[in-house]
Amino acid sequence: MRCIPGGILCPFLRSVISILQWYVLRTISGKEEKALFLIQKLFHDVKIIFPKRRLSWRKKGKIIYVIKPLFSGYLFAAANYEQIEELHQWLRIQKANIWFVKVGNLLTPIDNHEMELIQKLMCNGDIVDSSEIQKNGESVMIVKGPLVGLEGIIEQYSKRNRRVVIKVNIGGEERRVELEGTSVSV
């Protein structure tokens, strides 16, 4: 599946999980895969979204690629409210290191614009790929990749480190995320 430039979402994401509300799950950083496996094993009707990002590092002159969580310690559960409430009750009884982010005492889904942003970033599956960037003076323009059309959320770009820092709100919390960004000439 390829992302269509201009921000059109992938048919898979649009059809499967756009209909459902997304709820934010938290877990201990580094334990996301374990939490994902546990929930999917027991709750087949709940779709767990675990966005990841691909980053590269230079080590001894070679480029090494690593896959890291997009939001460390965060998962998203897509289901109807009854299924989410059932999962919530089960997590409370099990005293697992997995919990829902709530507003007050209510299980509250994330806003539609937050959900659409995550879907746009994940347009090639669950891994956010690199974006191609042109920099003209102080302005940054995304030429290709998941950040096309999202120049407004970019806080910082480092050509040397090949990093783009974006600021996003997830479940009422502001998060800064580093993504891969390669420079292309004009």
Side-chain angles (χ1 to χ4, degrees), residues 1 3 7 9-10 12-14 16-18 20-41 43 46-57 64-79 83-84 87-88 91 96-104 106-131 133 140 142 145-158 161-181:
M1 267 178 280
C3 190
L9 300 176
C10 296
F12 169 76
L13 288 172
R14 189 178 331 133
V16 175
I17 53 183
S18 291
L20 304 170
Q21 294 290 319
W22 287 21
Y23 297 83
V24 181
L25 282 167
R26 291 292 313 263
T27 188
I28 297 169
S29 292
K31 303 289 185 187
E32 299 93 352
E33 292 280 352
K34 185 177 179 182
L36 171 77
F37 177 76
L38 177 67
I39 294 170
Q40 285 188 331
K41 182 178 178 185
F43 294 88
V46 177
K47 171 72 177 154
I48 302 297
I49 299 105
F50 178 34
K52 301 174 198 141
R53 60 196 164 132
R54 177 174 296 139
L55 296 171
S56 65
W57 301 94
I64 299 169
Y65 291 96
V66 294
I67 305 292
K68 292 186 170 201
L70 183 61
F71 305 107
S72 184
Y74 284 76
L75 299 169
F76 301 93
Q83 294 164 329
I84 292 297
L87 173 60
H88 176 63
L91 290 173
N97 286 326
I98 310 164
W99 62 94
F100 279 97
V101 173
K102 298 183 201 176
V103 175
L106 301 173
L107 289 172
T108 307
I110 64 173
D111 293 334
N112 284 338
H113 70 277
E114 293 172 346
M115 181 174 70
E116 290 169 1
L117 173 64
I118 296 167
Q119 288 176 330
K120 182 169 179 357
L121 291 173
M122 294 174 27
C123 67
N124 289 329
D126 64 344
I127 298 176
V128 179
D129 281 324
S130 177
S131 293
I133 299 167
V140 174
I142 308 299
L147 290 174
V148 169
L150 298 175
E151 288 84 359
I153 65 171
I154 296 174
E155 279 198 338
Q156 181 179 343
Y157 170 62
S158 171
N161 295 327
R162 300 169 49 153
R163 294 288 185 269
V164 177
V165 177
I166 62 172
K167 182 173 63 172
V168 293
N169 287 321
I170 299 298
E173 295 180 17
E174 190 174 279
R175 309 286 299 173
R176 294 183 76 209
V177 180
E178 278 189 353
L179 299 175
E180 178 95 6

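In what follows, residues are counted from 1 in the order of the sequence shown.
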What's the verdict on side-chain contact (heavy atoms from CB on, under 4.5 Å) for Phe71 and Glu173, showing C-alpha distance, side-chain angles and the deciding distance? CA-CA 11 Å; Phe71 305 107; Glu173 295 180 17; over 6 Å; no
Yes or no on side-chain contact (heavy atoms from CB on, under 4.5 Å) for Ile166 and Leu150, after CA distance, side-chain angles and deciding distance? CA-CA 9 Å; Ile166 62 172; Leu150 298 175; over 6 Å; no
Go through the steps for Asn97 and Lys31 under the test side-chain contact (heavy atoms from CB on, under 4.5 Å), then give the verdict. CA-CA 9 Å; Asn97 286 326; Lys31 303 289 185 187; over 6 Å; no
side-chain contact (heavy atoms from CB on, under 4.5 Å), that's the test. Do Ile142 and Val164 meet it? Break it down for me. CA-CA 11 Å; Ile142 308 299; Val164 177; 5.5 Å; no
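Between Gly73 and Ser29, the closest heavy-atom pair is N-OG, 3.9 Å. Shown here for Leu55 and Glu178, the closest heavy-atom pair between the two residues is CD2-O, 3.9 Å. When all heavy atoms of Pro146 and Lys120 are compared, the pair lying nearest together is O-NZ, 3.2 Å. Closest approach of Ala77 to Phe100, counting heavy atoms only: CB-CE2, 4.4 Å. Across all their heavy atoms, Leu147 and Ser131 have their closest contact at N-OG, 3.3 Å. In this structure, Arg53 and Leu179 approach most closely via the heavy-atom pair CB-CD2, 4.0 Å.
Listed by chain and number, the residues in a side-chain hydrogen bond (donor to acceptor under 3.5 Å, both in side chains) with Ser56 are Glu180 (sequence neighbours excluded).
Here the CD1 atom belonging to Ile67 is positioned 8.0 Å from the NZ atom belonging to Lys52, to the nearest 0.5 angstrom. Between the CZ atom of Arg176 and the CD1 atom of Ile153 there is a distance of 12.5 Å, given to the nearest 0.5 Å. Going from atom CE of Met122 over to atom CG of Leu70 covers 8.5 Å, rounded to the nearest 0.5 Å. Going from atom OH of Tyr65 over to atom CH2 of Trp57 covers 13.5 Å, rounded to the nearest 0.5 Å. Atom CG of Leu36 and atom CG of Asp126 lie 9.0 Å apart (nearest 0.5 Å). The line from CH2 of Trp22 to CD1 of Ile48 is 11.0 Å long, rounded to the nearest 0.5 Å.
Atom NZ of Lys68 has 12 or fewer neighbouring heavy atoms from other residues, nucleotides or ligands inside a 6.0 Å radius.
Here the side chains of Ile118 and Ile170 are in contact, with some heavy-atom distance below 4.5 Å. No side-chain heavy atom of Phe43 sits less than 4.5 Å from a side-chain heavy atom of Gln83. A 4.5 Å side-chain heavy-atom check between Pro69 and Tyr74 finds every atom pair outside the cut-off.
In summary, of the residues considered (Ile127, Val66, Val128), a side-chain contact (heavy atoms from CB on, under 4.5 Å) with Arg54 occurs for Ile127 alone.
Of the possible donor and acceptor atoms, none in the side chain of Glu32 sits under 3.5 Å from a partner among the backbone N and O of Leu75.
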N/O donor to acceptor pairs below 3.5 angstrom from side-chain atoms of residues 108-115, sequence neighbours left out:
from: Thr108; atom 1: OG1; to: Leu106; atom 2: O; distance (Å): 3.3
from: Glu114; atom 1: OE1; to: Asp111; atom 2: N; distance (Å): 3.3
from: Glu114; atom 1: OE1; to: Gly171; atom 2: N; distance (Å): 3.3

